Amino acid sequence: MTPRTPSIRPTSLRTHRCGDLRREHIGQLVRLTGWVARRREHGEHLAFLDLRDASGVVQCVVAEHIDARSEYVVSISGTVRARPDGTINANLATGEIEIGEAEVEILGTAEPPPFPIDQRADAVDEGLRLEYRYLDLRRERMQRNLRARAAVNSAMRASMESQGFVEVETPLLVPSTPEGAREFLVPSRKEHGAFYALPQSPQLFKQLLMVAGLDRYYQLARCLRDEDLRADRQYEFTQLDIEMSFVGVDDVLAAISDAVLDAAEAVTGTRPGEIRRITWREAMERFGSDKPDLRFGMELVDLGEVFSATAFKAFAGSGAIKGLRVEGAASTYGRNQLDKLTDRAKSLGAKGLVWIKVAADAALESPVAKFFSDAERDALLDATGAKEGDLVLIVADEWHRACEVAGTLRNDLGRPPVHEGPYEYVWVVDFPLFVGQDATTGRPLPGHHAFCMPHPDDLERLEDEPMSVRALAYDLVLNGWELGSGSIRIHDGALQRRVFHLLGISDEEADRKFGFFLNPFRYGAPPHGGFAVGIDRLVAILAGEENIREVIAFPKTQSGSDPMTGSPIAVEPSHLAELGLKIIP
RNA sequence: GGUCCCGUGGUGAAGUCUGGAGUUCACGCCGGCCUGUCAAGCCGGAGGUCGCGGGUUCAAAUCCCGUCGGGACCGCCA
């Protein structure tokens, strides 16, 4: 991380911070405060205390016996001096100096911590770490992560300010809206039976700020979604949320790119190059994902041509046939593992998985090889580039599913850990306006949300071929994680009604559900669009963490609890009564 | 709602498949020794409801069922 070294004034309790001391301080009488990180005793008349504060660690030499144990909070006075020859510690930033003739005053004693306060705690049960999060956060790794997060926030704010964005805070108590993620509800005390919702995002408010003429809005916004938690998902998370007026797609991407690249540079010290773009269609075709991880190859191979006239029933008539070449895996994948891969494919919704091992002389080893003609075999090897010793996996299904399943297998088999390799940012553009259809009504379902602008080139097909219409919607992806998404919004009432009608939402229903949001657009709404970047995910990847809990000070477990506070917890019956609530056992 | 993995002195791990005395290793903790260490070293010691409950068995950390907690994933996350 680029060391941002704010000048820390002395306080009434200390003259310096431990980690700031260097050769230039030699000779100075200093007073330090911090925690005893480690103690090395050499009898009555020599002991080394490693003193730790937020800035780092410094070695103090104590000549008299003092009972200062691990994690005791102490004040140490002494003179900075050069370490004797041969005792310099190159692994320590302060390793050239030490505090000599240190006098120790114990400010507070400490029980032995339930786990070590050093890198060894990386292996400690995470539930225990979360129960004692205040001790976990003392550790260098967590301090580094929280500071990286602060650096990201700071860089993003600076970027937004320099681009003319205005920070506006939007409400946390908002109306419940029918679409989207499950909401957390907050009961109204004054109107029993009525509820606020906590915002999934400030979406509606930020668009109203455009109607209001703010021109450019941003916020480091807390968002809350009552959906199951994952490595990259918490109930509450933070987004850099922006909205801009009088812009097209390129303008929004440029604004966000600036902020994200600035943030990345603030953490890593290196500014990534311009973020490349890929269309959604191409991402699905080549990587089988709308959040492709571009750090590795193993691109999907379209085998529709190869098997266009195949006799193999499982392939014939499929919407798409996608192949995946796994180099050198023929010998390492036994029957058991191949069965597991097949189960994985099925759990992802595929009808099955075809596996083919390439043996000597281009012979195919597979339960279904007998269905392939020689020409198909040659074309398959040619298309995939598979050679002896390689494994080829093939998924045949409806186009989207075939791509998705093959893409997930690609990730399963080839994806490096998130902290390895380069940072591969990519804009995924031209998302479809609709994804899939409602099982009962057959109506198309919105891809991003119902207020997303259709691609102008596709507008004429809106009613006739809605599923082929692209949206002015885009995602930012980093190393296979979706960092955020956004779109140009519909600002025209007539077009909005056309989209609603396609979604099966009548004027009356639209007015009932979104009236407070749509009516303002009758009073002059500028063309506008926006984006939101998931801060937790960005920081996690930049910090080399595989889980966003590692970059959140006080996260929840996967089941949504907080082992430190015990939340969620039951409340007093009187509390419930005041809110007009009753618990159903 | 579902699939899978994990739970053993304060911490981390081995032991579980193939039942046989709470066994082992490292760290930490407590005490002693030690004047240049830096995850100090040496000696000694304490510390356990093998997550919990039930079952099978002469015998359960180990096998079976249930349950709780943690994690990964599917569904879900416009």
Side-chain angles (χ1 to χ4, degrees), chain A residues 37-51 57-65 67 69-71 83-92 94-95 98 100 110-132 135 177-183 200-201 203-204 223-235 237 340 343-350 404-405 408 411-412 431 433-436 438 444-452 471 473 482 485-487 503 514 532 534 546-547 549 556-561 563:
Chain A
R38 203 162 292 282
R39 178 176 56 158
R40 295 177 293 278
E41 285 188 306
H42 293 251
E44 275 294 304
H45 303 294
L46 178 65
F48 300 97
L49 287 188
D50 287 343
L51 185 66
V57 171
V58 69
Q59 171 169 287
C60 306
V61 185
V62 183
E64 57 182 351
H65 176 77
D67 196 24
R69 304 187 178 216
S70 284
E71 300 308 318
R83 292 198 186 189
D85 287 346
T87 64
I88 286 173
N89 185 345
N91 298 321
L92 213 55
T94 58
E98 63 190 11
E111 294 177 24
F115 52 82
I117 311 294
D118 61 28
Q119 58 277 34
R120 278 173 293 187
D122 286 351
V124 171
D125 176 76
E126 200 187 339
L128 192 66
R129 289 176 53 205
L130 291 180
E131 184 180 349
Y132 297 91
L135 297 181
T177 50
E179 309 289 320
R182 187 183 297 116
E183 299 161 324
Q200 309 164 35
S201 80
Q203 183 66 35
L204 305 183
C223 305
L224 299 105
R225 297 178 187 175
D226 188 5
E227 298 290 352
D228 286 355
L229 294 76
R230 289 280 195 285
D232 60 352
R233 278 161 38 186
Q234 282 271 305
Y235 280 154
F237 57 99
K340 278 184 180 159
D343 289 345
R344 171 73 165 161
K346 285 179 179 170
S347 81
L348 295 166
E404 208 169 46
V405 172
T408 303
N411 278 338
D412 286 353
F431 269 74
L433 188 62
F434 303 109
V435 287
D438 187 284
L445 297 167
H448 273 243
H449 53 66
F451 316 114
C452 195
E482 179 191 319
S485 60
S487 64
L503 297 171
F514 304 108
E546 308 207 22
N547 194 304
R549 289 190 298 269
K556 303 283 189 290
T557 66
Q558 193 167 63
S559 60
S561 66

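Convention: sequence-line order gives letters A, B, ...; per-chain numbering from 1. Note: hydrogens, waters and symmetry copies are ignored here, and every other heavy atom, side chains too, is used. Values in this document were obtained by computation on a predicted structure and should not be read as measured data.
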Across the strands shown, which category fits S201(A) at heavy-atom distances under 4.0 angstrom: base, sugar-phosphate, nothing? base

*May I ask you to say what E44(A) touches in the nucleic acid, namely base, sugar-phosphate or nothing, with a heavy-atom cut-off under 4.0 Å?*
nothing

Assign each of F451(A) and L130(A) the nucleotide of RNA chain B bearing its closest heavy atom; nearer the 5' end lies the nucleotide of L130(A)

Exercise. Please confirm whether any donor atom in the side chain of N547(A) sits under 3.5 Å from an acceptor in the base of G71(B), or the reverse.
Key: no

What integer number of Å spans the C1' atoms of U62(B) and C74(B)? 31 Å

| request: Begin with the C-alpha distance, continue with both residues' side-chain angles, and end with the deciding distance and a verdict on salt bridge (Lys or Arg N to Asp or Glu O under 4.0 Å) for D50(A) and R39(A). | output: CA-CA 6 Å; D50(A) 287 343; R39(A) 178 176 56 158; over 6 Å; no

- Base, sugar-phosphate, or nothing for R549(A), non-hydrogen atoms under 4.0 angstrom? sugar-phosphate

Provide the distance between the two P atoms, one in G28(B) and one in A39(B), to the nearest whole Å. 12 Å

Among the nucleotides C38(B), A39(B), G70(B), whichever has the atom closest to the side chain of D118(A) is A39(B)

Between Q234(A) (side chain only) and K556(A) (backbone N and O only), is there a donor and an acceptor less than 3.5 Å apart? yes

Discussion item. Under 4.0 Å, counting only non-hydrogen atoms across every strand here, what does T87(A) touch: a base, just sugar-phosphate, or nothing?
Written reply: base

Scanning all shown strands, the Watson-Crick or wobble mate of U67(B) with both distances under 3.5 Å is G51(B)

Can a donor-acceptor pair be found, under 3.5 Å and without considering hydrogens, that links the side chain of E183(A) to the backbone of T177(A)?
yes

*Any side-chain N or O of R69(A) under 4.0 Å from OP1/OP2 of G31(B)?*
yes

query: Base, sugar-phosphate, or nothing for P84(A), non-hydrogen atoms under 4.0 angstrom?
result: base

| Whether H42(A) stacks on the six-membered ring of A40(B) base, 5.5 Å and 30° limits | yes

For the side chain of R83(A) and the base of C38(B), is some donor closer than 3.5 Å to an acceptor across the two?
yes

Per nearest nucleotide of RNA chain B, the residue lying toward the 5' end, P113(A) or V61(A), is P113(A)

Of the listed G71(B), C34(B), U37(B), the closest approach to the E41(A) side chain comes from C34(B)

Examine the base of C76(B) for any acceptor or donor lying under 3.5 Å from a partner atom in the side chain of R233(A), and report the outcome as yes or no.
-> yes

Margin query: Taking the P atom in each of A61(B) and G19(B), what is the distance between them to the nearest angstrom?
Written below: 14 Å

Per atom distances to the D50(A) side chain, the nearest of G31(B), C38(B), G1(B) is C38(B)

Looking only at atom C1', what distance separates G71(B) and C29(B), rounded to whole Å?
29 Å

Less than 4.0 angstrom from a charged side-chain N to a carboxylate O is my criterion; do D122(A) and R120(A) meet it?
no

* Please state whether the base of U37(B) and the side chain of Q59(A) form at least one donor-acceptor pair under 3.5 Å? => yes

The Watson-Crick or G-U wobble partner of C58(B), with both key distances under 3.5 Å, is G20(B)

Closest of C77(B), C34(B), G70(B) to the A181(A) side chain is C77(B)

Between CG of D67(A) and C1' of G32(B) the distance, given in whole Å, is 14 Å

Next on the checklist: Are U11(B) and F115(A) stacked, with the base six-membered ring and the side-chain ring centres under 5.5 Å apart and planes under 30°?
Outcome noted: no

As its Watson-Crick or G-U partner within any shown strand, both distances under 3.5 Å, U3(B) has A72(B)

Report task. Using the C1' atom as the reference point in each nucleotide, state the distance between G53(B) and G9(B) in Å, no decimals. Result -> 23 Å

Review point. For the base of A40(B), is there a side-chain donor-acceptor partner from R38(A) under 3.5 Å away?
Key: no

Paired to G41(B) by Watson-Crick or G-U wobble criteria (both distances under 3.5 Å) is C33(B)

R549(A) side chain to T557(A) main-chain N or O, any donor-acceptor pair under 3.5 Å?
no

Pair D228(A), R182(A) - check salt bridge (Lys or Arg N to Asp or Glu O under 4.0 Å), show working. CA-CA 10 Å; D228(A) 286 355; R182(A) 187 183 297 116; 5.3 Å; no

Report yes if a donor N or O on one partner sits less than 3.5 Å from an acceptor N or O on the other, where the partners are the side chain of R230(A) and the base of G75(B); otherwise report no. yes

Check: Short question: side chain of S561(A), backbone of P563(A) - any donor-acceptor pair under 3.5 Å?
Finding: no

* What interatomic distance, in whole Å, is found between C1' of C34(B) and the corresponding atom of U8(B)? -> 36 Å

- prompt: Quick one: the side chain of N89(A) and the base of C38(B), do they pair up donor-acceptor inside 3.5 Å?
  reply: yes

* NA contact type, Q119(A), heavy-atom cut-off 4.0 Å: base, sugar-phosphate, or nothing? -> nothing

Please give the distance between the C1' atoms of C4(B) and C42(B) as a whole number of Å.
47 Å

Looking only at C27(B), U11(B), C73(B), the nucleotide nearest the R120(A) side chain is C27(B)

From the candidates G12(B), C29(B), G71(B), the one with an atom nearest any side-chain atom of A123(A) is G12(B)

Inset, instruction - May I ask you to say what G447(A) touches in the nucleic acid, namely base, sugar-phosphate or nothing, with a heavy-atom cut-off under 4.0 Å? - result: sugar-phosphate

Inset, instruction - Determine, step by step, whether D232(A) and R230(A) satisfy the salt bridge (Lys or Arg N to Asp or Glu O under 4.0 Å) criterion, reporting the C-alpha distance in whole Å, the side-chain angles of both residues, the deciding distance to 0.1 Å, and the verdict. - result: CA-CA 5 Å; D232(A) 60 352; R230(A) 289 280 195 285; over 6 Å; no

- Check: R233(A)/Q558(A) side-chain N/O donor and acceptor closer than 3.5 Å: no

Taking U11(B), C76(B), G71(B) as options, the one with an atom nearest any side-chain atom of E227(A) is C76(B)

E98(A) (side chain) and G36(B) (base): donor-acceptor pair under 3.5 Å: yes

Among the nucleotides C29(B), G71(B), U35(B), whichever has the atom closest to the side chain of H45(A) is U35(B)

Exercise for review: Under 4.0 Å between any heavy atoms, over every strand shown, what does A450(A) touch: base, sugar-phosphate, or nothing? Just pick one.
Suggested key: nothing

Per atom distances to the R225(A) side chain, the nearest of A39(B), C77(B), A72(B) is C77(B)

